[in-house]
Amino acid sequence: MALLRGIGPINPKMRNARFTEVLTDLGLDVVGTVAGTGNVVFDSASRALRSLEQRIEDAWPERLGFRSITILRTRAQIMDLLEADPFAGLDDAASRFQVTFLRRPPARGQVLPEPVADSGWQIVSADDRHVCWTIDTTRSTTPDGMRALERAFGEAITTRTWRTVAGIAKKLD
């Protein structure tokens with residue numbers, strides 16, 4: 001399983017060992033971090049993802065002194081995303097490929113945000129778990145797209161680069 005931690009008031013000097021210690025103390029097994037990404041992988045007998053998300057999220061302020069959204073994905077969900085390869089055929093020379101993970105499925109009838117003309121970002125695909133999008137780094141910055149997605153879906157989202165998602169998958173193997 002992969003833990004995708006949302007952006008929060010995180011101390012950049014905090015060591016990965018602290019994160020793994022908290023998760024191990026919560027009864028999770030084979031806990032490991034994905035170098036430099038703020039993501040953690042682990043095994044758990046529990047398949048109740050929402051309950052597990054809440055337990056982990058509740059532990060952050062108590063044990064580490066910060067609040068942060070916690071989004072979990074199973075190994076199968078990460079591998080399915082990689083196999084779908086939503087960015088296939090796109091040129092990544094000037095673009096950054098992004099995946100925004102949604103904590104909850106969008107509301108029925110939820111409309112995807114429309115990038116402003118010449119904004120430099122565009123949505124490639126979306127489903128009830130994530131939105132895949134690109135950002136032309138010569139025209140815009142990643143936060144522009146992230147802000148639009150946050151306005152559309154709320155704060156219970158977190159964004160990772162496609163390379164980070166591949167790194168998480170590799171760590172899950």
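For the numbers below, each heavy atom of this structure counts, side chains included, while hydrogens, waters and symmetry mates do not.
Leu52 is listed as a side-chain neighbour of Ser44, based on a closest heavy-atom distance under 4.5 Å. In this structure the side chain of Phe153 reaches within 4.5 angstrom of the side chain of Val131, judged on heavy atoms. Looking only at side-chain heavy atoms (C-beta outward), Arg63 and Arg18 stay at 4.5 Å or farther from each other. At a threshold of 4.5 Å between non-hydrogen side-chain atoms, the residues His130 and Val165 do not count as touching. In this structure the side chain of Leu102 never reaches within 4.5 angstrom of the side chain of Asp128, judged on heavy atoms. The shortest side-chain heavy-atom distance between Pro86 and Phe97 does not fall under the 4.5 Å cut-off.
With Phe42 as the fixed residue, the side-chain contact (heavy atoms from CB on, under 4.5 Å) test singles out one of Leu26, Thr24, Asp29, Leu72: Leu72.
Under the rule for a side-chain contact (heavy atoms from CB on, under 4.5 Å), the partners of Arg163 that lie at least two apart in sequence or sit in another chain are Thr161. By the salt bridge (Lys or Arg N to Asp or Glu O under 4.0 Å) test, Glu114 is found to be paired with no residue, residues two or more places apart in sequence or in another chain being considered. For Asp80, there are no side chain to side chain donor-acceptor pair (under 3.5 Å) partners at least two apart in sequence or on another chain. Remark: Arg103 pairs with Glu53, Glu57 by the salt bridge (Lys or Arg N to Asp or Glu O under 4.0 Å) rule, at least two apart or across chains. Considering only residues two or more places apart in sequence or on other chains, Asp58 meets the salt bridge (Lys or Arg N to Asp or Glu O under 4.0 Å) condition with none of them.
Pairs passing the salt bridge (Lys or Arg N to Asp or Glu O under 4.0 Å) check and including a residue from residues 150-159, sequence neighbours excluded, do not occur.
Rounding to the nearest 0.5 Å gives a distance of 10.5 Å between CD of Glu62 and CZ of Arg67. Separating the OG1 atom in Thr33 from the CZ atom in Phe19 is a distance of 9.5 Å, to the nearest 0.5 Å.
The shortest non-hydrogen separation linking Leu23 to Trp60 is CD2-CH2, 4.2 Å.
Aromatic ring orientation, Trp162 versus Phe87: perpendicular (interplanar angle above 60°, classes split at 30° and 60°).
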